[in-house]
Amino acid sequence: MQKAIAVEDIPFFGQNRGLVSPLFIYEDGDWRKVTNPYTDFPNNGKIFVLANYSFIEQQYQKKPFIIEFSATERDADTDSSSKFIAQGTNTDLPLLELCRIYNKEKIKYNAEGLITLLIKEVPNNSVFIRHENELLGPFKTHEYDEGDDGYFTVFLKSVTEIGDGIIYKIKLEDTENQLFEFEGNSYVLNASSLIDNAPSKEEIWYISKKEILSWAKIQFGKNIDSSLLDFLKAFVNVNENDIRIQKLKELSTDVIQWLPIRDKIIYDFFANTDSGKSVIETFLAGNRNKILSDNEIQTEAINIVSEKTVENYLDSKLAQLNDEQRSFIEGLLDQPENLVTYVTISNLVREEIKLETRIESKQTQLDGISEQVTNKYNELEQFENAYRSLKVELQSESTIKKNLLNIKTYTDILNGIDLSSEDLNSDSKKILPVVLPYYEKLPNLKDYIQDIVNKLENRGRKISFNDVFNYLILIQQNFLTVFAGYPGTGKTSLIRELSQLSGIDPFFSPISVARGWTSIKDFIGYWNPLTQRFQAANNSLYKNLQDHNLETYSNYPFWTMLDEANLSPMEHYWSDFMMLSDLQDNERFLSVRDTNSQNAKNLPLGKGFRFLTTINFDHTTEVLSPRLKDRAAIVMIDIPEFKNIDLENHARVLPTNVLSYQQAKDLFDGKTAIRLTQDESSRLEDIIDILKDNATDRGMPIIISPRKIKAITKYCETARDIMGKEGGESPFTALDFAVCQFILPVVEGRSEPFKKRLESLSKALTLLPKSTERLRKMIEFGQVNNHNYRFFC
């Protein structure tokens with residue numbers, strides 16, 4: 001595997017893949033800048049991310065990262081695709097690489113004297129600070145606070161991987177080839193390499209006040225129990241240039257300021273408290289001889305610490321002490337180490353009080369927890385008893401089945417089963433739809449279409465005659481018709497209005513497809529072995545199919561609309577209907593197991609049964625498989641033209657009759673001699689030949705199946721005469737619609753050579769304006785989408 005520093009480039013919407021642009025490539029143990037990406041990364045200067053592109057978008061948010069990649073087996077001389085590929089999860093942002101550089105203006109300091117940054121986002125790895133012509137760092141995030149203004153206060157500490165408590169000051173002139181700029185931000189390629197290769201650098205000890213005191217306790221702790229003189233000698237022997245000593249001296253200035261008032265504090269403790277008097281008596285009893293013989297050491301210690309003597313520090317209470325006690329206290333007041341002892345004792349007393357309070361609080365909590373434990377133990381004992389009883393009860397398969405059957409009513413309710421009838425085939429309890437009567441006489445086709453056009457315009461939707469004619473032909477002639485377009489173009493409402501204006505609204509079954517459908521059981525239902533019945537899905541489709549098989553309704557058309565059909569892959573949940581699309585209307589049967597039989601039976605779909613689907617083509621949906629597109633008519637719904645209609649004062653005209661299945665077939669599919677004109681046949685052959693040409697300089701070929709050719713022929717024979725007149729006497733209007741809906745949806749490819757195939761196809765589409773416009777959009781979209789050409793754009 002190879003490594004590169006890269007940034008996001010082009011995501012492929014809905015595919016979780018895309019391209020990234022390399023900035024540096026790792027070679028011979030160092031980063032080399034990519035100056036000619038087309039040479040280092042043929043053929044498009046990018047790395048193709050096969051999967052998990054969303055991980056890159058979420059993790060790095062347009063900032064540089066490190067990615068591992070490898071070469072494909074493709075021939076780089078003939079394919080414009082990326083030669084190098086990677087996975088989105090094979091990326092990283094190491095602690096000491098790609099370190100962001102922040103300017104001094106963003107610096108603040110906290111109470112401990114450490115650096116904080118006021119910035120818009122929390123860094124993922126180490127950072128450096130630019131101060132005039134120098135860099136300080138590396139730092140890493142210790143913690144952060146988020147403000148109400150969207151800024152973060154980020155607290156920084158040293159990086160232990162570089163040195164505990166150590167940062168460096170490096171001149172900018174010593175950072176050659178170690179920095180780079182991206183979108184106005186500066187970065188250090190590798191912090192370790194920058195520090196190692198800097199000709200001159202200054203090491204800085206970067207720690208807090210608390211950390212300094214912790215170090216001092218370790219350094220001088222061994223001298224605490226000895227005399228003051230030994231402690232001072234140890235302090236003097238430390239290297240005065242050590243930055244820690246200098247910081248320790250800075251902290252000590254705060255203590256010196258309150259030394260003049262220490263006399264009163266010490267006196268109050270030793271003279272006015274029982275604890276203080278006890279300390280004095282105990283110390284005198286054990287150290288009398290040492291005190292009398294240690295005058296010379298005490299004098300030397302006083303000279304080292306301070307030349308200033310303490311006078312007149314005793315009040316009347318001190319005078320009441322005996323000479324021996326007074327002499328001892330006078331010596332104590334001039335020994336700073338005893339001041340430390342006093343402060344330590346005072347702190348211990350305060351801590352003792354706090355601990356006693358906490359102990360009382362914790363004891364109260366413990367009592368409460370003990371009570372909760374007792375209650376939980378009683379509950380557990382109850383559960384165990386219930387479990388043992390249930391285990392004894394459920395020892396045999398017959399017992400289990402009996403208990404399950406006892407809750408059958410509840411499972412029926414939860415599964416949505418109608419409890420009013422045990423037999424789904426019983427006609428006596430069905431609520432059957434009310435439908436319109438058939439036309440007594442077959443209407444004129446042109447008048448029939450114009451009537452629907454007028455009623456649509458009456459509802460505020462202006463659609464051309466040819467478009468309405470086209471929709472109805474597709475629905476009648478195809479088992480599956482797909483209405484595609486962007487969200488908000490009115491696909492669903494158009495299908496609903498066509499069903500109403502055709503008079504078949506009682507047999508219109510809208511179904512909202514859910515994400516995650518995987519099989520026909522999500523769509524139709526399944527045999528439930530527990531209830532011994534067919535469990536219908538949570539929609540009315542199965543019941544409507546049964547109703548439509550009744551003799552009264554079998555000759556009516558039946559439309560099932562799958563709304564947002566590609567939220568789940570249609571190839572999966574619609575698979576049982578895939579093989580039915582090539583059969584005749586009276587040959588389609590759905591194999592199911594019903595209430596009265598444990599064996600599968602064939603449920604006729606009905607001669608007028610049709611699927612209509614709406615699909616969007618954005619990143620939230622699944623792509624249609626080639627197998628599905630080959631069996632469907634796909635019509636693009638562009639942004640409609642709506643008129644402002646006063647619906648309250650404008651009647652919504654509804655039909656009074658409905659076409660029977662045979663009448664609809666006679667109007668929209670009544671030709672017996674299905675054929676193309678000589679001009680249509682010649683032009684269609686040119687289109688098919690261009691698509692199937694296997695020349696290597698035109699990318700992958702596209703094969704148009706006999707199924708598609710048959711559908712185009714049947715469509716043109718039905719629509720040619722009327723569409724030609726309505727379309728301005730063009731002899732190719734019907735062929736134009738057919739090519740746009742049956743051929744262009746299966747045209748899909750990805751490469752620059754494939755663009756040449758599409759350009760040749762564009763010449764063959766002369767006099768087919770609708771198809772020419774759709775192909776133009778496909779080419780323009782593909783050029784900006786890394787030569788990825790497809791119908792849905």
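Using a 4.0 Å cut-off between charged side-chain N and carboxylate O, Arg776 and Glu780 make a salt bridge. Residues Lys770 and Asp736 are not paired through a salt bridge, judged by the lack of any N-O separation under 4.0 Å between the basic side chain and the carboxylate. Taking the charged nitrogens against the carboxylate oxygens, Glu27 and Arg32 do have a contact shorter than 4.0 Å, which makes a salt bridge. Ion pairing of Lys756 with Asp697 is absent here, as no side-chain N (NZ or NE/NH1/NH2) approaches a carboxylate O to less than 4.0 Å.
Looking at Tyr53, its side chain does come within 3.5 Å of a backbone N or O of Leu19 through a donor-acceptor pair. A donor-acceptor contact shorter than 3.5 Å is absent between the side chain of Thr481 and the backbone of Leu612. For the pair Asn90 (side chain) and Ile67 (backbone), a donor-acceptor distance under 3.5 Å is absent. No donor-acceptor pair closer than 3.5 Å links the side chain of Lys692 to the backbone N or O of Ile687. At least one donor-acceptor pair under 3.5 Å links the side chain of Asn16 to the backbone N or O of Ser54. Between the side chain of Arg757 and the main chain of Asp693, a donor-acceptor pair closer than 3.5 Å is present. Checked by atom type and distance alone, the side chain of Ser771 never pairs as donor or acceptor with a backbone atom of Leu768 at under 3.5 Å. Under the 3.5 Å distance criterion, the side-chain polar atoms of Ser158 are matched with a main-chain donor or acceptor of Gly165.
Centroid-to-centroid, the aromatic rings of Tyr187 and Phe182 stay 6.0 Å apart or farther. Checked against the 6.0 Å centroid criterion, the rings of Trp559 and Phe611 do not qualify as a close aromatic pair. Side-chain rings of Tyr789 and Phe781 stay apart, their centers remaining 6.0 Å or farther from each other. Ring to ring, Phe69 and Phe41 are close: their centroids are under 6.0 angstrom apart.
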Dump the intermediate steps for side chain to side chain contact (heavy atoms under 4.5 Å, CB included) on Lys3 and Phe24, then the final yes or no.
-> CA-CA 9 Å; Lys3 292 196 305 183; Phe24 292 82; over 6 Å; no

Stepwise salt bridge (charged side-chain N to carboxylate O under 4.0 Å, His left out) test for Glu748 and Lys629 | CA-CA 11 Å; Glu748 185 171 342; Lys629 289 190 289 187; 3.1 Å; yes

Would you check, one step at a time, whether the test side chain to side chain donor-acceptor pair (under 3.5 Å) holds for Arg461 with Ser493?
-> CA-CA 10 Å; Arg461 188 188 292 265; Ser493 61; 2.4 Å; yes

Side chain to side chain donor-acceptor pair (under 3.5 Å) between Asn36 and Thr39: does it pass, once the steps are laid out?
-> CA-CA 6 Å; Asn36 189 340; Thr39 301; 3.1 Å; yes

Walk me through it: do Lys708 and Asp630 pass the test salt bridge (charged side-chain N to carboxylate O under 4.0 Å, His left out)?
-> CA-CA 7 Å; Lys708 287 291 188 184; Asp630 192 47; 5.0 Å; no

Show the numbers, then the answer: is there a side chain to side chain contact (heavy atoms under 4.5 Å, CB included) between Phe155 and Asp145?
-> CA-CA 8 Å; Phe155 301 88; Asp145 294 328; 3.5 Å; yes

With side chain to side chain donor-acceptor pair (under 3.5 Å) as the test, would you mind laying out the steps for Thr492 and Asp563 before giving the verdict?
-> CA-CA 7 Å; Thr492 302; Asp563 200 21; 2.7 Å; yes

Side chain to side chain donor-acceptor pair (under 3.5 Å) between Lys46 and Ser21, worked out = CA-CA 5 Å; Lys46 317 288 184 186; Ser21 295; 3.1 Å; yes

Go through the steps for Trp31 and Glu97 under the test side chain to side chain contact (heavy atoms under 4.5 Å, CB included), then give the verdict.
-> CA-CA 11 Å; Trp31 291 106; Glu97 297 188 70; 3.4 Å; yes

Chi angles and distances behind the side chain to side chain contact (heavy atoms under 4.5 Å, CB included) call for Ile702, Val746 = CA-CA 8 Å; Ile702 303 294; Val746 302; 4.3 Å; yes

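Side-chain contact between Ile704 and Val747 is absent, with no heavy-atom pair separated by less than 4.5 Å. Residues Gln2 and Glu68 are not in side-chain contact: their nearest non-hydrogen atoms beyond the backbone lie 4.5 Å or more apart. Annotation: side chain of Glu57 is in contact with side chain of Pro11 (closest heavy-atom distance under 4.5 Å). Looking only at side-chain heavy atoms (C-beta outward), Glu183 and Val7 stay at 4.5 Å or farther from each other. Contact annotation: the side chain of Lys755 never approaches that of Arg698 to less than 4.5 Å [non-hydrogen atoms, C-beta and beyond]. Contact of the Leu114 side chain with the Tyr206 side chain is registered, since non-hydrogen atoms from C-beta on lie closer than 4.5 Å. Counting heavy atoms from C-beta outward, Ile475 and Ile495 have side chains that stay 4.5 Å or more apart. Annotation: side chain of Glu564 is in contact with side chain of Asn616 (closest heavy-atom distance under 4.5 Å).
For Tyr151, the OH atom is loosely surrounded, since the number of other residues' heavy atoms within 6.0 Å does not exceed 12. In this structure, Lys106 places its NZ atom where only 12 or fewer heavy-atom neighbours from other residues, nucleotides or ligands lie under 6.0 Å away. Open room surrounds CD on Glu176; 12 or fewer heavy atoms of other groups in view lie less than 6.0 Å from it.
Nearest heavy atom pair, residue Met570 against residue Thr613, reads CE-CG2, 4.1 Å. When all heavy atoms of Leu96 and Ser192 are compared, the pair lying nearest together is CD1-OG, 3.5 Å. Of all non-hydrogen atoms in Leu580 and Asp576, the two that sit nearest each other are CG-O, 3.7 Å. Across Gly88 and Ile56, no two heavy atoms sit closer than the pair O-CG1, 3.7 Å. The two residues Pro94 and Ile66 have their closest heavy-atom pair at CD-CD1, 3.8 Å. Looking at every heavy atom in both residues, Pro22 comes nearest to Gly45 through CD-O, 3.4 Å.
The CD1 atom of Ile47 sits 8.0 Å away from the CZ atom of Phe84 when rounded to the nearest 0.5 Å. The CG atom of Asn788 lies 10.0 Å from the CZ atom of Phe754; values are rounded to the nearest 0.5 Å. In this structure, the separation between CZ on Phe742 and CD1 on Ile634 is 9.5 Å, given to the nearest 0.5 Å. Between the CG atom of Leu691 and the CE atom of Met700 there is a distance of 13.0 Å, given to the nearest 0.5 Å. Rounding to the nearest 0.5 angstrom, the gap separating the CG atom in Leu136 from the OH atom in Tyr102 is 15.5 Å.
Classification of the Phe479-Phe609 ring pair by plane angle, with boundaries at 30° and 60°, yields tilted.
No side-chain donor from either of Gln59 and Asn124 sits under 3.5 Å from a side-chain acceptor of the other. Counting only N and O atoms by type, the side chains of Tyr60 and Thr91 include a donor and acceptor under 3.5 Å apart.
Remark: Arg17 is not positioned above the aromatic ring of Phe48, lacking an NZ or CZ atom under 6.0 angstrom from the ring centre and at most 45 degrees off the axis.
Every residue two or more places apart in sequence or in another chain that forms a ring pair (Phe, Tyr, Trp, His ring centres under 6.0 Å) with Tyr144 is listed here: Phe152.
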